[in-house]
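Below is one structure, written out as structure tokens; the observations come after it.
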Amino acid sequence: MPPSPSSGRTLPAKNPRPRSSGCAFYECFGIRAESATIYEQAVKKLDGAPGFIDSFIPGKLIVEHKSLGANLDAAFDQAADYFLALPEHERPRYIITSDFARIRLYDLQAGGGYHQCRLAELPRKADWFMFLVEGALADYTEESEADREAAYAISQLHEGLLRAHFTGRDLEALLTRLLFCLFADDTGIFGDNGLFRRLLERTRADGADTGRVLAELFQVLNTPEGQRQAHLDEDLARFPYINGALFAEPTRIPAFDARLREQLITCARLDWSGISPAIFGAMFQGVLEAHKPDERRQASRRELGAHYTSERNILRVINPLFMDALRAELARIKNNRKLLQAFYERLSTLTFLDPACGCGNFLVIAYRELRLLEMDAIEAMTELGLTNAGMGGLLDVSHLCRVRVSQFYGIEIDEAAAHIARVALWITDHQMNLEAAERFGTTRPSIPLSDSPHIVCANALALDWASLLPPAQCHYVLGNPPFVGAKYMNPAQRADVDRVMGHIPNSGLLDYVSCWYVKATEYARANPAIDIAFVSTNSITQGEQVAPLWGWLLAQGVRIRFAHRTFQWSNEGKGVAAVHCVIIGFGLNEPAQCTLFDYGDNPKGEPLAHAVQRINPYLVEGPDVLLARRQKPLCDVPEIGIGNKPIDGGHYLFTPEEKAAFVAREPKAERWFRRWIGADEFINGQERWCLWLGNCPPHELRQMPEVIKRVEAVRRYRLASKSAPTQKLAATPTRFHVENIPDAPYLVIPEVSSERRAFIPIGFLHADALASNLMRIVHHATHYHFGILSSTMHNAWVRAVCGRLESRYRYSASIVYNNFPWPSPTDAQRAAIETAAQWVLDARAQFPGATLADLYDPLTMPPALVKAHAALDRAVDAAYGYRGGKDDPARVAFLFARYQQLAAPLAPASRARRRKA
């Protein structure tokens, strides 16, 4: 366990190199360090500078040690430089970084993330390093074994309380208080560890007095020592005063039986010192959601759009929002006494607002990182003689640790989550006090709770944020607002949208999270220095939502400072949300520099950061272009439409087997069948048929009784609809709602296609095939049009601006096709594109048994087709006069610039038409 604040430990010496302890570490795994590792391995880095790897096992491990309190992210970057400088066969899978108080283990094949613990905890983490023996580390997970055990124990207690009919607000208050007590019992808050556990173990085995003892304990924890009863039970009198209003509210206490008592004691016997408050808050909320008889609470959290963000994703927000700049500033000024003093004092004045704080995960991690940075600053001040201790002396930091939880503000609509957020911040404060004791020997006391975070239970979209934190006093707004699609909001959420965004044209298209962007922008008007960053669904940067939302935001002066392009969600909740997200950092000032984080082909991995001139609302480098719905193509190309929409209840659609059985009963119907091609049929080679009766003469129709039954079924289906237009269609039951019947070969584009493919599979269909409404249709298209639409240039445009269905591309006519800036080729360039397009079709034809899904799967795409597409890209790039990079961002920036050129001449005419209208 960490030392108590009064342990009197002194600071360790700077830059220790305990080579012998490193040897002992390796020997624990049966490795003779002198034969298996190389210390201070010399290596020439990529920039030519010499470097020395602290410890190195070729092909397996790099170890990089730093001095106490050093930035372990920087240590990892240094180790990564060594990794790249090594020969390919010597590059390891694992990296360890350490500052002799903390140790991190990275698995470079696990897609990001790391294990971390304090050095004192290392003996309990031996399983992390079994790769030294077994060759591979178990899959990385941000949920520790301690978290899983705690989650299970609390869930069992929770189920027992529900069985005892103890529910509602009283249950939430009880579990919140027990959470604090369980953590306090193992981290020295209560003094001697195990005090709470021993109190519970001394209650009667049948549980008859357990509830009474808890009620008395909560009262004691809320009473200062000098005001307690004179003859208080000795076991209770040993508990300190907690304050913070955590135990102030009068609530019911459940009646315990033997089983319920044992479940509580099981929780108390676990070691809670290793629980991360950020992780635990999400787990605890999941416990509250689970096992309700009618599942109403779980449903309500889904309806609220609440997701719990992992620490990795939180760091993706707070690092570029403020921590990276603060760390860089400290590194730059740590030897300047005046600037260092000013920096240290400024840390305790920064304020943070999370207007959808949930269980407080963002605030918890932000507070932890700020406290750690303050400790780094205190250490730098000590080295310069700015504190009350010289080198090697005892440093009293009780008055130097000035960053407090009262600098953190949150708004949360769920009362239980708001309570948990407060407790999580108090727990984190205590953890940081223990960290200070580890580093400096002394620390400030954790109790009584003299400071409280400002967490209010309210609807953030109805509350005036300035009533909680005036904008003039706010520095950062951050968080993870609810994810609810525009089509899935409940009436209360629609009322919120009307309240917050009713003044924005087409606000009905916008997802719920957009409200927080609008509120934050209005909040920042009073203080343009506020920086803002939110995790959001990627839908607000795609498709039809971009123009209404970002048109308004840009008009207010919003500028994007940094952004994480689409990545796959990971969280600490019980059910990981299957969503794809973006992170957008923005404000009302022109940013000095912009950073774009791109995940390439691996949305589950770690991003690459790119310094760019400007980030537009589609999260690509380029001008602030907004693509509104366009009814006609921007360029002189064939118009695009949708396929056929029967609204037939499935009565006109057949599998091959169903068609064969139907024709056997009704032979005359065979000539009225046509191939039916939807997106799945087109891409995956599935066979379906449609009974198309639009041109069937009445006398022939009456001669086919089985067909008449189908027509009557369609008529009844439409009449039964709640939609008046559909009911009207019942008068013409042989016709489709939307008809697009070809008379010549035509080009088709699937509306939805997998994001794994580099190219959306498109192609030509014969006139005897009918495309469904899940296809986009281009009549009179030529090989030139096929070539442009099949190119990387067009597919990069699609990936940047199209809407998404989950993560799949959703090709639209009005946003994607009609706004696409086509080239202006010469005759020779057009002919080259047509030739290359035919090569693509010929390459496909070489594999008659393969579906388009087979041909365009990144793992199975034939080399001949890859080569044909490369030739097509060269021809298309030449027609554009494009000589930029091959990556999507460079292509899309070029296309946005071309779009501006082509759209600008149309703008005056468009405005004139609007004035005339």
Side-chain angles (χ1 to χ4, degrees), residues 12 14-43 45 51-142 144-146 274 276 311-312 315 327 372 376 435 438-439 605-606:
K14 295 290 292 179
N15 296 316
R17 294 289 184 189
R19 186 169 300 183
S20 60
S21 62
C23 295
F25 172 79
Y26 287 126
E27 288 169 0
C28 290
F29 299 92
I31 298 174
R32 294 182 59 209
E34 62 271 21
S35 61
T37 70
I38 304 172
Y39 289 98
E40 299 292 349
Q41 165 71 25
V43 63
K45 294 187 284 189
F52 296 90
I53 304 176
D54 290 337
S55 182
F56 174 47
I57 301 180
K60 183 166 286 190
L61 176 66
I62 285 176
V63 179
E64 182 60 32
H65 291 299
K66 291 295 180 183
S67 59
L68 187 67
N71 187 335
L72 294 186
D73 291 329
F76 175 79
D77 291 341
Q78 183 174 339
D81 285 344
Y82 296 151
F83 173 91
L84 294 173
L86 290 168
E88 182 73 29
H89 67 280
E90 290 189 354
R91 290 178 177 175
R93 174 174 172 175
Y94 302 98
I95 290 176
I96 290 176
T97 62
S98 172
D99 67 350
F100 298 101
R102 298 167 295 161
I103 187 168
R104 286 182 184 175
L105 171 64
Y106 297 81
D107 181 354
L108 302 182
Q109 295 182 17
Y114 52 80
H115 294 279
Q116 177 173 307
C117 68
R118 297 198 304 269
L119 204 61
E121 301 172 316
L122 196 57
R124 290 179 289 173
K125 309 298 183 182
D127 58 316
W128 291 0
F129 304 96
M130 290 307 294
F131 67 89
L132 292 169
V133 178
E134 300 170 356
L137 176 66
D139 288 344
Y140 168 77
T141 174
E142 294 183 73
S144 70
E145 182 62 31
S276 164
E311 180 172 325
R312 178 169 65 158
L315 291 172
R327 292 186 187 111
L372 291 172
D376 293 341
E435 179 83 13
E438 282 280 335
R439 291 176 64 169
E606 289 300 305

Does Ile57 form a side-chain contact (heavy atoms from CB on, under 4.5 Å) with Tyr94? I'd like the steps, not just the answer. CA-CA 10 Å; Ile57 301 180; Tyr94 302 98; over 6 Å; no
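Nearest heavy atom pair, residue Ile62 against residue Pro92, reads CG1-CG, 3.6 Å. Nearest heavy atom pair, residue Val63 against residue Asp54, reads O-CB, 3.3 Å. Looking at every heavy atom in both residues, Ile95 comes nearest to Phe76 through CD1-CE1, 3.8 Å.
Put simply, CG on Asp99 and NZ on Lys66 are 11.0 Å apart, with the number rounded to the nearest 0.5 Å. Note: Arg104 CZ to Ile96 CD1 = 13.0 Å, rounded to the nearest 0.5 Å.
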